[in-house]
Amino acid sequence: MNRVYNFSAGPSMLPLEALEKAKEEMINYRDSGMSVMEMSHRSKVFGEIISETESLLREQMNIPDNYKVLFLQGGASTQFAMIPLNLMKKYKKAAYVDSGNWAKNAILEASRYGEVIIAASSKDNNYSFYPDDIKIDNDVDYLHITSNNTIFGTKITKLPETGDIPIIADMSSNILSEKVDVSKYGMIYAGAQKNLGPAGVTIVIIREDLIGYHMDFTPTMLMYETHSKASSMYNTPPCYSIYMVKLVLEWIRSKGGIEAIEKMNKEKAKILYDFLDNSKMFKGTARIIDRSLMNIPFVLPNDELNAKFIKEAEAIGLTTLKGHRIVGGMRASIYNAMPIEGVKKLVGFMKEFEENNA
Ligand SMILES: Cc1ncc(COP(=O)(O)O)c(C=O)c1O
């Protein structure tokens, strides 16, 4: 079996152990006589799957009891609308950190429902750093941040002090990659397809007191209250994706939990960053102090070399390294499931490429 090292920004690599477990349980899940894909979401056996998934997530992220965990659909992009529709409750005004393209999409969507104040921005520098001068007024309903910028390879390193104003974080590309104090946030959300499982389920972790203030015209399916009251079973949830999240969380636990995962992620990122910092040919594109542990964009001196590198890497099983068109060059997404061997193989090839093309 030739599995490649897949550096895709998402959907991306899943732990092999989780895939193998899914294969083993595919046709007859734990003697139920059916696949998880075939069972009623109201069945006892699926009820156990979703509650185990929630408990594992609570355990791994140390989620306090006054937070609800919701399993939704529509991707992180649907949250861009749900957040203003539900959380612009008093001032109809929210502060957003403009730290990248996904942040920009969140801002555009929120502006359809209320006033958006840009609390800080790195747009003028093509989002090459995480804005560190975040300022907000008291008359906003929340502050929205993107904790990791998937395209630009930057992350927030210090949460601003906001007092009673809740911080809402898009953690799509770095959830479960390192320890976070959930109690510092009003809400955390993430599309699953990077660190949690396959596409199809979106995780929302929301403080209970923020639920129930949606705008009058909010569609039922877009109210947090709907899903919270129905324990994510108002309608058919993405059952199989939820099951896969469970397997990924079991894998995280088997590796020693989030602390161990964080240690591995730091080790993996260091290997690549150390090489980039010492290379004469490859250059990282993000400001050093806010570089991401998950997404590492880098460039060669010209497009011809970039294309050559991507092609030759692909040929030896290092795939999906092409950078996002806005940054160009390459991007190595090294989420939780990317083994350290994958990063070492990539850096080995980069060294070789540099020698051969000097
Ligand atoms: C930080 C971030 N936010 C939002 C999204 C959009 O997620 P979805 O495709 O689940 O809507 C992405 C996708 O890559 C992302 O990286």
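Each ligand, and each atom within it, is numbered from 1 in the order the structure gives. Keep in mind that the numbers below use all heavy atoms, side chains included, and drop hydrogens, waters and symmetry copies. Counting begins at 1 with the first residue of the sequence.
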Going by the angle between their ring planes, with limits at 30° and 60°, are Phe152 and Tyr127 parallel, tilted or perpendicular?
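Correct class here is tilted.
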
Once the angle between the rings of His144 and Tyr96 is folded into 0 to 90°, is it parallel (under 30°), tilted (30 to 60°) or perpendicular (over 60°)?
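His144 vs Tyr96 ring planes: parallel.
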
Verify, without hydrogens or angle tests, whether [X] (side chain) and [Y] (backbone) share a donor-acceptor contact under 3.5 angstrom.
X	Y	answer
Glu38	Ser35	yes
Gln73	Thr236	yes
Ser8	Gly10	yes

Heavy atoms of other groups near Asn138 CG, more than 12 under 6.0 Å:
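Open: at most 12 neighbouring heavy atoms sit under 6.0 Å from CG of Asn138.
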
If you look at each N/O of ligand 1, which protein N/O atoms lie under 3.5 Å away, and at what distance?
from, atom 1, to, atom 2, distance (Å)
ligand 1, 3 (N), Asp170, OD2, 2.6
ligand 1, 9 (O), Gln193, NE2, 3.4
ligand 1, 10 (O), Ala76, N, 3.0
ligand 1, 10 (O), Gln193, NE2, 2.9
ligand 1, 11 (O), Ala76, N, 3.2
ligand 1, 11 (O), Ser77, N, 2.8
ligand 1, 11 (O), Ser77, OG, 2.6
ligand 1, 14 (O), Lys194, NZ, 2.7
ligand 1, 16 (O), Trp102, NE1, 3.4
ligand 1, 16 (O), Thr150, OG1, 2.4

